[in-house]
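Below, chains carry the letters A, B, ... as their sequence lines are ordered, and counting in each starts from 1. Keep in mind that what you see is a predicted model, and the values were worked out from it rather than measured.
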Amino acid sequence: MHKLNRNKNDATTNAHDITPDESGHFGVYGGRFVSETLIGPLEELEDAYKKYIDDPEFNAEFKSDLKHFVGRPSPLYYAESWSEKLGGAKIYLKREDLNHTGAHKINNTVGQALLARKMGKKRVIAETGAGQHGVATATVAARYGMECVVYMGAEDIKRQAINVFRIKLLGAEVVPVEAGSKTLKDALNEAMRDWVTYVDDTFYIIGTVAGPHPYPSMVRDFNAVVGKEVKEQCLEQIGQLPNVLIACVGGGSNAIGLFHPFLHHKEVSIYGVEAAGDGLETGRHAAPLSAGKPGVLHGNRTYLMEDDYGQIIETHSISAGLDYPGVGPEHAWLKDIGRAEYVSVTDDEAIQAFHDLCQIEGIIPALESSHALAYTSKIAPKMDKSEIIVVNLSGRGDKDIQTVAVHEGITI
Amino acid sequence: MNRINTCFDQIKKNDKKALIPFITAGDPSSNLTVSIMHELVRSGSDIIELGIPFSDPMADGPVIQRASERALAQGTNTDDVFRIVKNFRSEDQKTPIILMGYLNPIEIMGYENFVNKASEVGVDGLIVVDLPLEESTRLQEALKMRDLFQIFLLSPTTIKERLGKICEVASGFLYYVSLKGVTGSDKLDIKLVEEKILQIQSKTKIPLAVGFGIKDPSTAKAAGKISDAVVIGSALVKIIAEYSDNTDEMRKRIKSFMTTLRQALDSIS
């Protein structure tokens with residue numbers, strides 16, 4: 001056994017606790033905090049979701065598209081050289097970076113777009129920060145023949161020009177959001193405003209496990225394919241379950257997708273890695289679970305980055321996908337009951353891990369995923385060589401090379 | 001007795017319609033907000049809705065979003081909002097004041113603490129845009145202790161069974177959001193509004209206000225004809241934004257705008 005503090009595995013972790021109650025609460029978190037106009041549409045969505053999630057035909061279609069369009073299952077790759085270099089546990093990477101569009105985001109957008117089609121909605125909208133969820137949504141909208149509008153903060157549009165162009169190439173419209181801090185949270189506000197206005201024919205594809213009920217559980221269920229595959233692949237390739245799971249947490253969709261199928265396996269320790277930006281002590285970070293307080297934003301109660309008066313404050317991370325002031329309510333709950341432990345790594349630590357993976361394993365990871373890798377490099381050496389870590393390599397890093405170059409003062 | 005009830009009793013007795021303006025606290029400054037509130041009352045307003053600025057006003061259109069941003073840029077916080085109400089109350093003990101905002105600034109203070117402070121300075125009711133009935137039990141308990149009202153919103157998408165549930169707990173008045181959209185929208189269909197209002201009135205005797213999409217005397221009159229009160233927000237906030245550096249002109253414009261609305265409502269026979 002390694003010398004780390006294992007997650008607290010108390011008796012409260014049972015099936016009931018880790019599934020939301022009927023009104024979408026994970027303990028005190030989650031729920032449905034929206035304006036009256038959205039209550040009806042959310043109930044309609046919940047009904048459709050409940051109906052189709054167990055529908056064999058829907059699931060067959062979902063699985064078929066995950067296989068043939070997305071390219072699943074994604075490999076579970078043994079990073080042998082990196083493991084040996086770190087000198088401890090064996091590290092396996094779940095290669096979500098090899099999915100179509102280059103990240104785990106596509107799993108959820110395929111699921112929600114299929115659901116939208118079942119509900120007869122002809123128009124889909126989405127918010128995006130770095131542009132990955134925007135690309136994934138525009139992709140499925142093209143695939144299923146739907147009109148698509150993507151809301152994106154004006155600041156993010158400047159920073160992510162290539163993804164903006166990708167979204168447009170896929171036939172979607174990108175609407176710049178000039179309100180507030182002009183980033184992901186404001187894009188989400190604007191998408192909500194669109195939805196409340198065109199709710200009759202529009203389906204809002206939220207990109208993470210936040211938002212009002214049923215989004216946190218729905219997005220989780222569509223992403224849980226990641227954890228389910230890892231479980232099968234571990235048993236098949238290694239003959240045992242992993243000892244430790246590690247994933248980065250912004251909103252938390254790749255993390256919950258990996259974690260959820262393992263929550264009942266109490267012997268598996270779970271770590272979510274937040275973005276510490278310049279360092280938690282500087283205040284310039286995006287780590288609400290590590291340094292925030294519970295509050296209500298974007299339709300759910302969760303941990304938030306806020307000031308003393310409950311105003312949401314600006315976040316910072318080198319990784320645009322983690323640059324969000326809230327986090328999915330299920331993570332808030334897993335933190336409180338001690339089933340998962342949430343830690344953070346700085347921009348610099350993530351960049352170091354980014355380079356390590358490039359040079360040692362020949363894989364360019366997303367900066368988001370590099371946070372999970374950075375924490376892995378901290379704990380792997382303390383673990384026994386017989387132990388197994390699975391890290392969610394949630395996306396590929398091609399989109400980030402410009403950011404890395406700028407960070408290092410290099411002109412491409 | 002809560003000022004809101006007294007106000008509507010009076011309105012009904014005189015066979016009038018209530019005029020309810022919305023402004024954002026601290027836009028363009030805390031001091032000016034107090035004097036704008038007095039001006040609103042002088043120009044025929046019956047109840048004032050005072051917005052608590054919030055960084056992420058999800059249900060608001062661009063006009064009120066900008067108002068929130070301006071107020072926050074001035075450093076306006078929840079304590080300032082209470083101070084504004086307190087200052088207003090030192091001269092006006094009669095006009096009901098409803099705070100309107102989002103849950104997080106209330107949540108961080110704690111429901112009881114927030115309600116106690118609101119009650120102390122003379123607030124009469126609360127509209128919390130992102131706190132629907134199902135999540136509101138604890139706040140309602142805190143409000144009841146102090147005889148403050150939670151004003152519930154109803155919308156075109158509120159189905160019948162839910163309408164019944166909301167009517168059961170409603171106090172003060174009900175606020176009918178007249179269209180699917182955000183504040184300041186421009187697609188009011190008065191016929192659709194009327195159908196829904198008849199449905200609501202068959203369930204409850206509580207006064208009914210109509211808001212969202214009211215922007216001038218004619219829309220105010222149309223909405224007033226089928227309800228007990230009209231709420232005017234974005235059109236008024238627009239005047240405040242436009243004349244924020246010329247306060248004399250701002251007061252003049254507010255006065256003439258509100259007076260035309262008052263006259264429109266009073267012309268309903």
(request) Kindly give the heavy-atom pair with the smallest separation between B:E69 and A:G180, and that separation in Å. (result) OE2-N, 2.8 Å

(message) Counting only non-hydrogen atoms closer than 4.5 Å, does B:D60 touch chain A with its backbone (N, CA, C, O), its side chain (CB onward), both, or neither?
(response) backbone

(request) Give a yes or no on whether A:D201 atom CG has more than 12 heavy-atom contacts from other residues, nucleotides or ligands under 6.0 Å away. (result) yes

(request) Give a yes or no on whether A:E22 atom CD has more than 12 heavy-atom contacts from other residues, nucleotides or ligands under 6.0 Å away. (result) no

(message) Under 4.5 Å from any heavy atom of chain B, what part of A:I312 do you find: side chain, backbone, both or neither?
(response) both

(message) I'd like to know if A:R301 and B:E135 make a salt bridge, using a cut-off of under 4.0 Å between side-chain N and carboxylate O.
(response) no

(request) Select, from A:P294, A:G299, A:S35, the one with the greatest count of heavy-atom pairs under 4.5 Å involving chain B. (result) A:S35

(message) If I measure from the heavy atoms of chain B, does A:L188 come under 4.5 Å with its side chain, its backbone, both, or neither?
(response) neither

(request) Pick one of side chain, backbone, both or neither for A:H298, based on which atoms fall under 4.5 Å of a heavy atom in chain B. (result) both

(request) Measure B:L133 against the heavy atoms of chain A and call it side chain, backbone, both or neither at under 4.5 Å. (result) neither

(message) I'd like to know if the side chain of A:E306 reaches the main chain of B:I108, judged simply by a donor and an acceptor atom lying under 3.5 Å from each other, with no hydrogens or angles considered.
(response) no

(message) When you compare the side chain of A:L297 with that of B:Y102, does any pair of heavy atoms fall below 4.5 Å?
(response) no

(message) I'd like to verify something: which residue of B:V177, B:L103, B:I159 has the highest number of heavy-atom pairs under 4.5 Å with chain A?
(response) B:L103

(message) Taking atom OH as the centre, does A:Y198 end up with more than 12 heavy-atom neighbours from other residues, nucleotides or ligands that are less than 6.0 angstrom away?
(response) no

(request) Measure distances from B:P62 to the heavy atoms of chain A and classify the residue's part below 4.5 Å as side chain, backbone, both or neither. (result) neither

(request) Identify the heavy atoms of B:P105 and A:Q311 that sit nearest to each other, and give their distance. (result) CG-NE2, 4.4 Å

(message) So for atom NZ, which belongs to B:K165, do other residues, nucleotides or ligands contribute more than 12 heavy atoms lying within a distance under 6.0 Å?
(response) no

(message) Less than 4.5 Å apart, side chain to side chain, heavy atoms only: is that true for A:H213 and B:E134?
(response) no

(request) Examine whether an atom of B:L153 lies under 4.5 Å from a heavy atom of chain A, and if so say whether it belongs to the side chain, the backbone or both; otherwise answer neither. (result) both

(message) Can you tell me which portion of A:P212 sits under 4.5 Å from chain B's heavy atoms? Options are side chain, backbone, both or neither.
(response) neither

(request) Would you give the length of the straight line joining atom OG of B:S55 to atom CD1 of A:I313, rounded to the nearest 0.5 angstrom? (result) 9.5 Å

(message) Quick check on B:D189: does its CG atom have over 12 non-hydrogen neighbours (other residues, nucleotides or ligands) under 6.0 Å away?
(response) yes

(message) Quick check on B:K86: does its NZ atom have over 12 non-hydrogen neighbours (other residues, nucleotides or ligands) under 6.0 Å away?
(response) no

(request) Could you tell me which portion of B:I106 (side chain, backbone, both or neither) has an atom closer than 4.5 angstrom to a non-hydrogen atom of chain A? (result) neither

(message) Quick check against the 3.5 Å criterion: does B:T157 have a side-chain atom that pairs as donor or acceptor with the backbone of A:T37?
(response) yes

(message) Heavy-atom pairs under 4.5 Å with chain B - which of A:R32, A:E178, A:E43 has more of them than the others?
(response) A:R32

(request) State, with a plain yes or no, whether a side-chain heavy atom of B:N104 is found less than 4.5 Å away from one of A:L304. (result) yes

(request) Determine whether A:E36 and B:I166 make a side-chain contact, defined as any pair of heavy atoms from C-beta on separated by less than 4.5 Å. (result) yes

(message) What I'd like to find out is whether the side chain of A:V34 reaches to under 4.5 Å of the side chain of B:D130, using heavy atoms alone.
(response) no

(message) Is there a side-chain contact between A:T197 and B:K180 in this structure, where contact means two heavy atoms from C-beta onward sitting under 4.5 Å apart?
(response) no

(request) Pick one of side chain, backbone, both or neither for A:D200, based on which atoms fall under 4.5 Å of a heavy atom in chain B. (result) side chain

(message) Are there over 12 heavy-atom neighbours, none belonging to B:K203, within less than 6.0 Å of that residue's NZ?
(response) yes

(request) Please look at A:E44 and chain B and tell me whether the side chain, the backbone, both or neither of the residue comes under 4.5 angstrom of a heavy atom of that chain. (result) neither

(request) For chain B, find which of A:H25, A:R193, A:M192 contributes the most heavy-atom pairs closer than 4.5 angstrom. (result) A:R193

(request) May I ask you to name which of B:N77, B:V182, B:V129 has the most heavy-atom pairs under 4.5 Å with chain A? (result) B:N77

(request) For B:E107 and A:G295, indicate whether the former's side chain and the latter's backbone hold a donor-acceptor pair under 3.5 Å. (result) no

(request) Just give me the residue among B:S136, B:P156, B:P132 that pairs up with chain A most often, heavy atom to heavy atom, under 4.5 Å. (result) B:P132

